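Please read these numbers as outputs of a predicted model, since none were measured by experiment. So that the names make sense, note that chain A is the first sequence line, chain B the second, and so on, each numbered from 1.
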Amino acid sequence: MNELAQAFKMALALILTGDSDLLEIVWLTMQVSISAVAVASLAALPLGGALALFSFPGRRTLIILLNSLMGLPPVVVGLLVYLLLSRQGPLGEWGLLFTPTAMVIAQCILVFPIVAALTRQVVEDLWGEYGEQLRSLGASRLRSVATLLLEGRFALSTVVLAGFGRAIAEVGAVLIVGGNIAHLTRVMTTAIALETSRGELSLALGLGILLIGLSVSVNGAAYLLREYSGWRHG
Amino acid sequence: MKLPKTIPGRCEQGTFLAGIPRAGALRAGTLRAGALRAAVLLAAIVLAAFPAHSQAGDAPDGPAILLASTTSTENSGLFAHILPRFREDSGILVRVIALGTGQAIRLGMRGDADVLLVHHRPSEDRFMAEGHGAERRDVMYNDFVIAGPRHDPAGIRGMKDAAVALLKVARAGAEFVSRGDDSGTHKAELRLWEEGGLDPVKSSGKWYRETGSGMGATLNTAAAMGAYLLADRGTWLSFKNRKDLDLLVEGDPRMFNPYGVLVVNPARHPHVKSVEARVFMEWITGPRGREAISSFRLEGRQVFYPAAK
Amino acid sequence: MAELGLTNRKGQGPVDPDAPPAKAGQETGPGGILPLELDAVSYEVEGRRLVDGISLRLNPGRRTVLLGHNGAGKSITLRLCHGLLKPTSGEVRWLGPLGRNAREHQAMVFQRPVLLRRSALANITYALGLKGIPAAKRTGLAMEALGRVGLESLARTPARVLSGGEQQRLALARAWALDPEVLFLDEPTASLDPAAARKVEETIQGFHQAGMTIVLTTHDMAEARRLADDVYFIHQGKLWEQSGAAGFFRNPRTREARAFLSGELPL
């Protein structure tokens with residue numbers, strides 16, 4: 001109990017002092033996860049939408065696969081990206097291992113199936129409501145995907161936030177491909193892991209509280225934005 | 001000892017953070033930002049994350065090398081003590097990845113690090129023999145200690161023979177937590193068991209618990225279970241969550257823990273920064289480095305000792 | 001092509017609802033996609049026959065009402081006509097000279113209007129865009145269509161915050177903007193209160209007077225009386241009667257139609 005109180009005190013102190021190392025870590029954490037989610041969503045939203053509207057052989061298998069990949073173990077993804085980016089790996093030339101870009105790639109892979117699978121569900125549900133009207137208006141399937149992605153923007157913002165939550169909270173992948181290098185690839189989760197291994201449990205938990213706070217702020221901001229535009233667009 | 005700030009043929013570009021607003025600017029921005037500005041910011045972040053080339057290259061203001069080392073050195077705070085001095089002397093930034101010795105050596109074999117600082121001589125010798133390293137030198141040593149619950153059910157407190165102490169732990173059936181991660185510490189522990197003539201792995205899952213984790217995680221486990229373990233002194237001293245654990249056995253010469261520095265062979269891996277890596281090796285084994293290592297203190301105690309010249 | 005049709009239609013002036021089809025205007029005359037012929041059309045879902053061998057012919061300029069109980073199969077028949085559903089057997093044929101491009105010359109309004117989360121105006125310009133109308137002309141056409149249903153003042157309002165009746169009129173305006181030869185309406189007033197329903201009916205009448213062929217489904221006899229030139233009575237997936245509205249209401253020939261008209265519950 002005492003340790004918990006200590007952790008809250010620590011979290012508060014961290015915020016109040018505005019420690020520059022901490023700011024750097026928070027900034028990198030946001031940068032990596034937002035980049036990963038943005039890149040993954042750029043591909044996963046259209047793909048999920050297309051998967052909802054187009055029928056082709058193997059579609060069902062692909063959907064099942066995507067749904068299962070939502071639970072991809074971060075460590076496995078980390079290992080996979082590590083082997084790809086290692087100097088001995090196929091993409092070793094790029095020299096990306098132990099860089100923020102490597103972390104973005106790993107998180108991208110983790111987030112992609114989540115956004116794609118949930119988008120598929122959202123768009124498929126919307127298609128049930130809009131499908132006849134869009135077909136009546138002569139919209140092509142491709143055009144319908146674009147229209148429904150726009151129509152589903154509120155639900156899809158939640159989908160993207162789910163992806164963001166996954167990205168910002170995971171440690172297994174970024175630890176392996178980022179290496180938790182101070183001032184280069186140290187993010188909130190790897191910093192928490194490090195402080196835990198140093199037995200600084202209160203500090204680790206304090207960082208954890210900050211991470212949760214960060215997540216709450218992002219989700220809160222998204223929620224308010226959504227409320228606002230929902231009020232404007234019905 | 002000063003090096004030219006850039007090495008010919010190496011790409012020079014900003015780091016990840018260059019060219020984008022600093023944290024403060026971002027905060028102020030988002031408060032005022034409309035949706036459009038948020039989108040622009042998002043685009044900037046995305047673009048910044050994907051510069052044309054590697055960011056593992058150099059620091060914004062000079063060359064950087066990647067040092068694969070052990071959790072024992074990183075967690076104790078040694079690097080935070082000595083690396084800024086090295087940078088001051090050489091202008092080279094050292095980035096540290098803290099792993100087990102086994103993992104660190106494998107990183108070196110794959111060419112994913114420029115220089116290694118590890119502590120398992122047989123593995124280091126094999127690394128050199130197989131041609132992965134360009135040069136190896138002794139750097140420093142510290143020692144391992146055996147820690148365990150304060151009430152010491154196996155009764156090993158104050159023993160001088162570490163191998164016999166471990167045997168007593170086994171006979172008492174007291175819980176013992178092992179790194180189990182192929183690290184230098186893990187290998188040192190296994191050697192002690194071997195000298196006592198007992199194979200604890202046969203009892204794995206019973207009184208012998210292999211965490212497969214770093215020193216810190218293993219210490220956390222032992223502290224929570226009230227179990228015995230072998231730890232390096234540096235991590236032990238810097239560890240804050242000891243709970244009921246006490247230092248019970250120390251000073252056995254077999255618990256001597258020497259560290260070596262190895263420069264990854266540029267003939268094997270042309271991209272490694274062997275010039276700067278050598279500068280680091282020279283420095284840490286030279287007078288400035290030896291002085292820096294000696295002056296590092298934990299709880300008022302010297303933890304690492306420079307290797308004999 | 002589309003705006004040409006619109007001008008033609010505007011130039012025509014009111015058309016007598018009981019007049020023969022030929023007077024209804026050029027695009028609904030021999031030059032269009034009509035007549036539409038259904039030849040022994042059936043539609044099955046999982047072995048259940050929801051539409052059973054319906055044959056009928058829809059002529060230009062008429063207001064045709066598909067009448068029947070809920071679940072009788074009239075909405076499915078309407079969708080088969082519009083091409084949203086493919087018949088399990090039988091054939092749907094557009095017999096006019098433009099019949100090959102029938103999709104471009106028809107529109108449909110659903111019981112619950114399906115509107116996009118954007119302004120009323122944007123809902124119409126979106127549909128015009130799908131039809132290939134150049135961007136520069138869309139707003140003008142859309143405003144004209146909104147004017148047609150009395151919604152100009154709400155052009156910038158988000159479509160989803162309009163009232164039910166306004167939403168249905170917006171759906172009608174969108175259909176109007178597309179300048180269809182035939183407009184299909186599936187129970188267009190069933191979800192509306194009487195006042196809103198009246199306005200929607202008036203709008204439909206106006207469309208017809210401007211030369212549009214109207215095909216609508218309803219289970220509301222009063223509405224059918226007000227709107228129908230021709231009545232097709234559908235019961236349990238089969239077509240039981242087809243006749244002029246006056247004749248049907250005065251003297252239904254089948255027992256099922258008589259039961260329906262006298263308000264009996266379906267068997």
Q | Atom group of Leu150(A) that falls short of 4.5 Å from chain C, counting heavy atoms | A | side chain

Q: For atom CZ of Arg112(C), decide whether the heavy atoms of other residues, nucleotides or ligands shown that lie under 6.0 angstrom number more than 12.
A: no

Q. Looking at Gln133(A), Glu129(A), Arg135(A), which one has more heavy-atom pairs under 4.5 Å with chain C than the rest?
A. Gln133(A)

Q: Starting from the C-alpha separation in whole Å, work towards a yes-or-no answer on salt bridge (charged side-chain N to carboxylate O under 4.0 Å, His left out) for Lys74(C) and Asp186(C).
A: CA-CA 9 Å; Lys74(C) 52 191 192 306; Asp186(C) 187 18; over 6 Å; no

(Q) For Phe54(A), I'd like to know if atom CZ has over 12 heavy atoms of other residues, nucleotides or ligands within 6.0 Å. (A) yes

Q.
Just to verify, which of Thr77(C), Val182(C), Leu36(C) counts as forming a side chain to side chain contact (heavy atoms under 4.5 Å, CB included) with Val215(C)?
A. Val182(C)

Q: Determine whether the side chains of Thr213(C) and Arg62(C) contain a donor N or O and an acceptor N or O closer than 3.5 Å.
A: no

Q.
Tell me which of these, Thr157(C), Leu162(C), Leu130(C), has more heavy-atom pairs under 4.5 Å with chain A than the rest.
A. Leu130(C)

Q. Hey, which of Met108(C), Glu104(C), Arg174(C) has the most heavy atom pairs under 4.5 Å with chain A?
A. Arg174(C)

**Q.** Under 4.5 Å from any heavy atom of chain A - which part of Leu115(C)
**A.** backbone

